[in-house]
Amino acid sequence: MASVRVRFSPSPTGLLHVGSARTALFNFLYARHTGGAFLLRIEDTDVARSTQAAIDQALDVLTWLGLAFDGEPVLQSSNIERHRDAASQLVAAGHAYECYCTKDELDARNAEATAGGRPPGYDGKCRDLDEATRAARRDEGRSAAIRFRTPLDGESRFVDVVRGPVVVPWATISDFVIMRAGGAPVFYLANAVDDIDMAITHVIRGEDLLDSTHRVLAIRRALGPYDDPAYVHCPLIIGPGGHKLSKRHGAVSVEDYRGAGYLPATLVNYLALLGWSPGDDRQVMTIDELVGAFDIVDVNHAGAAFDAQKLEWMNGEHIRALRLDALIAAVEPFARARYGAAIDATPNADATLATAIALAQQRATTLVQIAEQCRFLFTSDADFEIAPESWERLVGTAQVGGLLDAVIDHCK
RNA sequence: GCCCCCAUCGUCUAGUGGCCUAGGACGCCGCCCUUUCAAGGCGGUAACGGGGAUUCGAACUCCCCUGGGGGCACCA
């Protein structure tokens, strides 16, 4: 039995969404759990929307989360020749054809169809053009896109690992573009070809791609006698109202939470529990524990609402589980950003600071809170000092938050 | 409009025919701790969407309805 090979394939068009992060996490956990490979492929075929900054950001976030991938990241755009060859192969075999319809024409016909109560989708105008007609179209100055020829009847079928058989009538899937007029491959084609080339065995992704699987699989099957990879479609992460998670609900990118003082261990832990459960009562888990308990067949079916309150509670748990030097190092960027303070991450280097942070650790839920509670130690105008012994004495009689506030008040 | 997926406390979930008068966690409420508290301790509130069917017996199986989500691009 071939070893597991999975990939995370983000499209670099913006900040990495928590939903994407969870997809990356599930792939990572499955690979590590099975001893397989976790690969990274940047799906940048949409040149207009992809940016280098987004690629760098995605890499940075994965590193921060601790989701180390195997090998070098693959840039989908670098495989463009392979995609073109595949498209040619499909055309030669009759699985695909040249389409000379323009974007405007397609939009107009789709609008017409929708208005007439008919489903949108390609109407097959160029499906059976003869060479003379194609030549005539080219003479008009038109360039061809390439469309995949889908069956007119019968049904497309594949078996999702957690959902079971998914069957859809071919009649509801119209011929779709696999190569743009400019010669750029479209997602369906690039995805199918790259998964073949990378020998991906399990495709773990969001449920929003469930329907596209029929298309990708059709291309893959038309390209050759390749075994289908196993497909796992994870439920989507939804907003508090049960609707799509959007900016309207607050933070949606991993970067947002990172900046708000959340630990990577928290995000990893929380995201893992959204759409998956270890099957027992465990809530607070380390990434290693998650790796040990994770199995793809335990992924849930229903969408999961993102609960910021539970995330905050969990962050407090992880903060408390942190060793002091690690916590100080984690707080440092926040203290510096807010108060320009540079902290020596060695506890002994500044016993007062270490004591203060240790106290704040007992009840804080974010790193930002800790930085704020200890701000009197960071700000330059705090022209007083508290001996470590004083802190220790106070710990026994006073509660942390209040103590710090009292000191801050005294400072004013 | 058409296609697909889904459905247990407010939220994340456990539960795969009897162990369920449905368990855990977050939140919420109360009490305790406490010169404040985002922490901690104890207790409490709260759910199987509706209707059929199968069965001696359904949260768990099947069907319908309702509800929610996703998709139908020369985006991914």
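Not measured: the values here are computed from a predicted model.
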task = Would you classify A:Val284 as touching base, sugar-phosphate or nothing, given that sugar-phosphate means primed atoms plus P, OP1 and OP2, and contacts are heavy atoms under 4.0 Å?
result = nothing
Span that lies between the P atom of B:C48 and that of B:C65, in whole angstrom = 23 Å
key: Over 12 non-hydrogen atoms of neighbours within 6.0 angstrom of CG in A:Asp227   = no
Please write out each protein N/O paired with an N/O of nucleotides 59-69 of chain B under 3.5 Å, distance rounded to 0.1 Å.
unit_1	atom_1	unit_2	atom_2	d
B:G69	OP1	A:His243	ND1	2.2

ask   = Mind checking who B:A22 pairs with, Watson-Crick or G-U wobble, both distances under 3.5 Å?
value = none
inquiry  = Using Watson-Crick or G-U wobble geometry with both distances under 3.5 Å, which nucleotide pairs with B:C29?
reply    = B:G43
key: Ion pair check, A:Arg41 and A:Glu72, cut-off under 4.0 Å   = no
inquiry  = Using the P atom as the point on both nucleotides, what is the distance between B:U54 and B:C62, in whole Å?
reply    = 15 Å
inquiry  = For the C1' atoms, the ones on B:A59 and on B:U13, what distance do you get once it is rounded to whole angstrom?
reply    = 14 Å
task = Indicate whether OP1 or OP2 belonging to B:C74 is found under 4.0 Å from a side-chain N or O atom of A:Arg147.
result = yes
ask   = For atom C1', what is the distance between B:A76 and B:G70, given to the nearest Å?
value = 14 Å
task = Select base, sugar-phosphate, or nothing to describe what A:Ala305 touches, counting heavy atoms under 4.0 Å on all strands.
result = sugar-phosphate
query = Start at the 5' end of RNA chain B and walk down; is the nucleotide closest to A:Gly303 or to A:Thr365 reached first?
reply = A:Gly303
A:Arg163 (side chain) and B:C5 (base): donor-acceptor pair under 3.5 Å = no
inquiry  = Would the base of B:A38 count as contacting A:Gln369 through its side chain, where contact means a donor and an acceptor less than 3.5 Å apart?
reply    = yes
task = Look at the side chain of A:Lys310 and decide which nucleotide, out of B:A76, B:A73, B:G24, has an atom nearest to it.
result = B:G24
ask   = Is A:Asp70 paired with A:Arg5 through a side-chain N to carboxylate O contact shorter than 4.0 Å?
value = no
task = Sort out for me which residue in A:Phe294, A:Phe38, A:Trp276 forms a ring pair (Phe, Tyr, Trp, His ring centres under 6.0 Å) with A:Phe26.
result = A:Phe294
ask   = Expressed in whole Å, how much space separates the C1' atoms belonging to B:G24 and B:U8?
value = 13 Å
query = Is a salt bridge present between A:Arg138 and A:Glu131, judged by a nitrogen-to-oxygen distance below 4.0 Å?
reply = yes
request  = Classify the nucleic acid contact of A:Leu209 as base, sugar-phosphate or nothing, counting any heavy atom under 4.0 Å across all strands shown.
outcome  = base
ask   = For B:C6, does either OP1 or OP2 sit under 4.0 Å from a side-chain N or O belonging to A:Asn300?
value = no
query = Is A:Leu327 close to A:Leu367 at the side-chain level, that is, under 4.5 Å between some pair of heavy atoms?
reply = yes
Cationic N near anionic O, under 4.0 Å, A:Arg49 to A:Asp46 = yes
key: salt_bridge(A:Arg127, A:Asp175) N-O dist < 4.0 Å   = yes
query = Just checking A:Arg215: base, sugar-phosphate only, or nothing, at a heavy-atom cut-off of under 4.0 Å?
reply = sugar-phosphate
task = Answer yes if the ring centres of A:Phe28 and A:Phe8 are under 6.0 angstrom apart, and no otherwise.
result = no
key: Nearest-angstrom distance, P atom, B:C28 to B:A38   = 9 Å
task = For B:A76, take OP1 and OP2 only and decide whether either is under 4.0 Å from a side-chain N or O of A:Arg180.
result = yes
query = Given the C1' atoms of B:C20 and B:C9, what is the spacing between them in whole Å?
reply = 14 Å
task = Determine: side-chain N/O of A:Thr45 to OP1/OP2 of B:A76, distance under 4.0 Å, yes or no.
result = yes
key: Separation between the C1' atoms of B:A53 and B:C60, rounded to whole Å   = 16 Å
note = Re B:U54: Watson-Crick or G-U wobble partner, both distances kept under 3.5 Å, found to be none
ask   = Closer to the 5' end of RNA chain B via nearest nucleotide, is it A:Thr172 or A:Arg22?
value = A:Thr172
key: For B:C48, the Watson-Crick or wobble partner whose two distances fall under 3.5 Å   = none
Any donor-acceptor N/O pair under 3.5 Å between B:A73 base and A:Tyr122 side chain = no
